[in-house]
Structure formats: C-alpha cells, structure tokens
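The structure under discussion appears below in the form of structure tokens.
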2 protein chains.
Amino acid sequence: MLKISELAVLTGLSAHTIRFYEKHGLIEASKRSDSGYRYYSDADVKRAEFVKSARNIGFSLDDIGVLLSIRLDKQSHSCQEVTDITQHKLDEVNARLAELQTMQQTLERLLESCCGGPENATHCSIIEALDGGDVTVARRAS
Amino acid sequence: MLKISELAVLTGLSAHTIRFYEKHGLIEASKRSDSGYRYYSDADVKRAEFVKSARNIGFSLDDIGVLLSIRLDKQSHSCQEVTDITQHKLDEVNARLAELQTMQQTLERLLESCCGGPENATHCSIIEALDGGDVTVARRAS
DNA sequence: ATTGACCTTAGAGTTGACTCTAAGCTTATA
DNA sequence: TATAAGCTTAGAGTCAACTCTAAGGTCAAT
C-alpha cells in the first residue's frame, strides 16, 4: 500500500492533483489509516495509471469518468461505446488541428513577407497584412 | 460614425466583446454622445478589424496590445519586434500542433485496434491499451 | 521530546477570453 | 405618448483542469 506522495512519484501526478481527481471520482484510495491517511493498493495504482494514460491522450476528465465506469464493468458495455468516445475525441483533435494548421500557415506566410530587420516598422508587411484584414479565419468552435 | 451594434455587425464581434476589448485597451470609440453612447470613426473600425485579424491568427490579447502600440507608432518600432512576436506565436502553434498530432496518431491507432461492435467490452483493446499504459505521452507545457 | 517532513480538510485562486446580469438611461417607431 | 429596442455601467459568472493556502493533525528519526 502506497501513501499519496508515493503514488504521486509513481504516476507523475502531484498529490494535489490526485486529491482533485478523487474529488471528481477518478481515483480512489481503497484504504484510509485511522488518522485519515490515504493508502493505495495495486488496483488503485492501476486505476490511477489508466487515468493518466487517458489524460495524456487528451480525454477530458468527464470522458475519463465514463471510460472508467466501462472499465469497471466491461460486461455491461460494448466496444462501440468506447469507440464512440474515442472517435468523438479524435474529431475534436482533428478540428483543432485544422485550425492550428491554418494559423501556422498564416504565421509562416507573414514571417516570410517581413524583413524582420532593425529598420522601423513604417512599411512592415505584417502590420500591413493585419491592417488589410487579408488573413485567414480560424477560430475554435467551442 | 457607427454605434456599437453596427460595429459589432461589421466586425463579427459582439457588443459585449467590443466593450470587453475596450476595457483591455484594444478598441476605442473616438467619440461619445452626450448620453454616453459610443461612436466609432473609420479609424476606429480599422483598428477593430486589425484586432480581429490578429485574434483570428491566434495572437493573445496581450500580444495584440503590443502589436497595436507598434501600429500606432511605427517609427519607434522595428520590424524585428513584430517578427519576434510572430515567431514566438508560431513556435507556440507548432508545439501545440506536435502534441495534437501525437494525440491524433494515438487515437487513430486505438480506433483501428478496436472492433467497435456491439459485443461487450471484456476484451476491448482500447480499454486494454489504456490499462497497459502503452499510449504516447503528450501534454501541453503551459 | 522535539524537529521536520508529510498528511488532512475546505475552500479560494489561477488562466484567458469571454459572456451575462441587473438596473437604469436613451432613442426610434407607432 | 407609450413602447420597444438599444445603450450604459460595474461587477459577477463561465469553462477546464488544476494549484495553492491555511490551519492543523501524524509520523519517523534524532
């Protein structure tokens, strides 16, 4: 059984974050000492690592909650439920990627157009481009 | 001279957002009526459009503030100042793109590995992958 | 027995960019 | 003139995921 700081070292999450995740139902300590200290079993560690993996992929804490409930009772859930969540996250990631790629291209174009030198900005092509409004539009939806 | 709702239609920003930007020094109304209504000149409109262009590219409001001060007094600023800000934003965008691309690949790999069917999740390869922790790590720095 | 590291809690603060509310003027239309 | 649409302000609320604080209890080592 590990104490919270030991779980923190193991998972790379801070003790603060572990308590925060507990408050949100993501991580549990299967035992408490008489004085209230959290103690984590091997299964608790596995669960914490699951949470961390899911977080690393970009799942929201809400998503992770759903994934955990599936993990806890696999019999009652289908693969399709899991792929639905995953596909939805992939769609979000792809949408954000498209926005960022547009920004990237615009920024690169601007940088190519500007001398970047120590001369004053009276004829700076970046400022002019922003003034002209001829920059591509890409804003996050949500 | 335009009223705030007219500027809102023109720029696609909401009147709320325009006031919010004013509070942060980004947009100004060069006149106020006796009753306090904001009135925007052509120059004010240009400025608002500049702000919107910069925002669309992904610049933070703080960045936009700096860009505006350069725009207002081009003589006192160099092209290099402008490219520094732009390059820095491009670096951020590239960093985030790399993270998202890692997520994208991981999510695609997971989706390929799972049948996604109506069978129960007892052997779901996505759940297993998250359990095993064999997912790539990519978290935003800031 | 004392020090210091670690643990507990509830709850507040952070970030960035909005978004909304309430209460009250002003202006345009019928 | 009455009504509705639009404007004003200060300030609070929203989102997600932490991050930190304060005040105090616990534990291991000297």
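In what follows, chains carry the letters A, B, and so on, assigned in the order in which the sequence lines appear, proteins first and then strands, with residues in each chain numbered from 1. All heavy atoms count here, side chains included; hydrogens, waters and symmetry mates do not. This one's a predicted model, so the numbers in the text were calculated from it and none came from an experiment.
Note that OH of B:Y39 and CG of B:L7 are 13.0 Å apart. Values are rounded to the nearest 0.5 Å.
Scanning atom types as modelled, one donor and one acceptor separated by under 3.5 angstrom connect the side chain of A:Y37 and the base of C:dC6.
Listed by chain and number, the residues in a salt bridge (charged side-chain N to carboxylate O under 4.0 Å, His left out) with B:R71 are A:D131 (sequence neighbours excluded). Scored by the ring-ring contact (aromatic ring centres under 6.0 Å, His included) test, A:H24 finds A:F20 as partners (sequence neighbours excluded).
Counting heavy atoms from C-beta outward, A:E28 and A:E22 have side chains that stay 4.5 Å or more apart.
Closest non-hydrogen pair, B:I64 versus B:V51, comes out as CD1-O, 3.9 Å. Listed here is the closest heavy atom pair of B:N120 and A:K74: CB-O, 3.7 Å.
Between B:E49 and B:K52 there is no salt bridge, since no side-chain N of the basic residue sits under 4.0 Å from a carboxylate O of the acidic one.
A:D62 places its CG atom 7 Å from the P atom of D:dA16, with the value rounded to the nearest Å. If you measure from atom CD of A:E92 to atom C1' of D:dC15, you get 14 Å, rounded to the nearest angstrom. For the pair B:I64 CD1 and C:dG16 P, the computed distance is 13 Å after rounding to whole Å. Rounded to whole angstrom, the span from the CD atom of A:E22 across to the C1' atom of C:dG11 amounts to 16 Å. Distance OH (A:Y39) to C1' (C:dC7): 9 Å, rounded to an integer number of Å. The separation between A:L61 atom CG and D:dT19 atom P is 12 Å, rounded to whole Å. Following rounding to the nearest Å, B:H24 (NE2) and D:dA10 (P) show an atom-to-atom distance of 13 Å. Taking atom CZ on A:F59 and atom C1' on D:dA16, their separation rounds to 17 Å, with Å as the unit.
In this model, the phosphate group of D:dT8 is approached by a side-chain N or O of B:R38 to a distance below 4.0 Å at OP1 or OP2.
Where B:K23 and B:K3 each meet DNA chain C at their nearest nucleotide, the meeting point lying more 5' is that of B:K23.
Using a 3.5 Å distance cut-off with no hydrogens or angles, the side chains of A:S53 and A:N56 do not pair a donor with an acceptor.
Near DNA chain C, meaning a heavy atom under 4.0 Å away, the residues from residues 6-21 of chain B are B:H16, B:T17, B:F20, B:Y21. Of the residues in residues 40-51 of chain B, not one places a heavy atom less than 4.0 Å from an atom of DNA chain C. Contact check of residues 25-36 of chain A against DNA chain C (heavy atom, cut-off under 4.0 Å) returns A:R32, A:G36.
Identified under the salt bridge (charged side-chain N to carboxylate O under 4.0 Å, His left out) test for residues 102-122 of chain B, with sequence neighbours left out: none.
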Inset, instruction - Apply the test side-chain contact (heavy atoms from CB on, under 4.5 Å) to residues B:R32 and B:Y37: give CA-CA distance (whole Å), side-chain angles for both, the deciding distance (0.1 Å), then the verdict. - result: CA-CA 5 Å; B:R32 291 283 193 131; B:Y37 281 30; over 6 Å; no
Legend entry - Step-by-step side chain to side chain donor-acceptor pair (under 3.5 Å) determination, B:S14 to B:T17: CA-CA 5 Å; B:S14 76; B:T17 299; 2.9 Å; yes
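Nearest nucleotide to the side chain of B:I4, out of C:dA17, D:dG11, D:dT8: D:dT8.
Within 6.0 Å of the CG atom in B:D73, the count of heavy atoms belonging to other residues, nucleotides or ligands exceeds 12.
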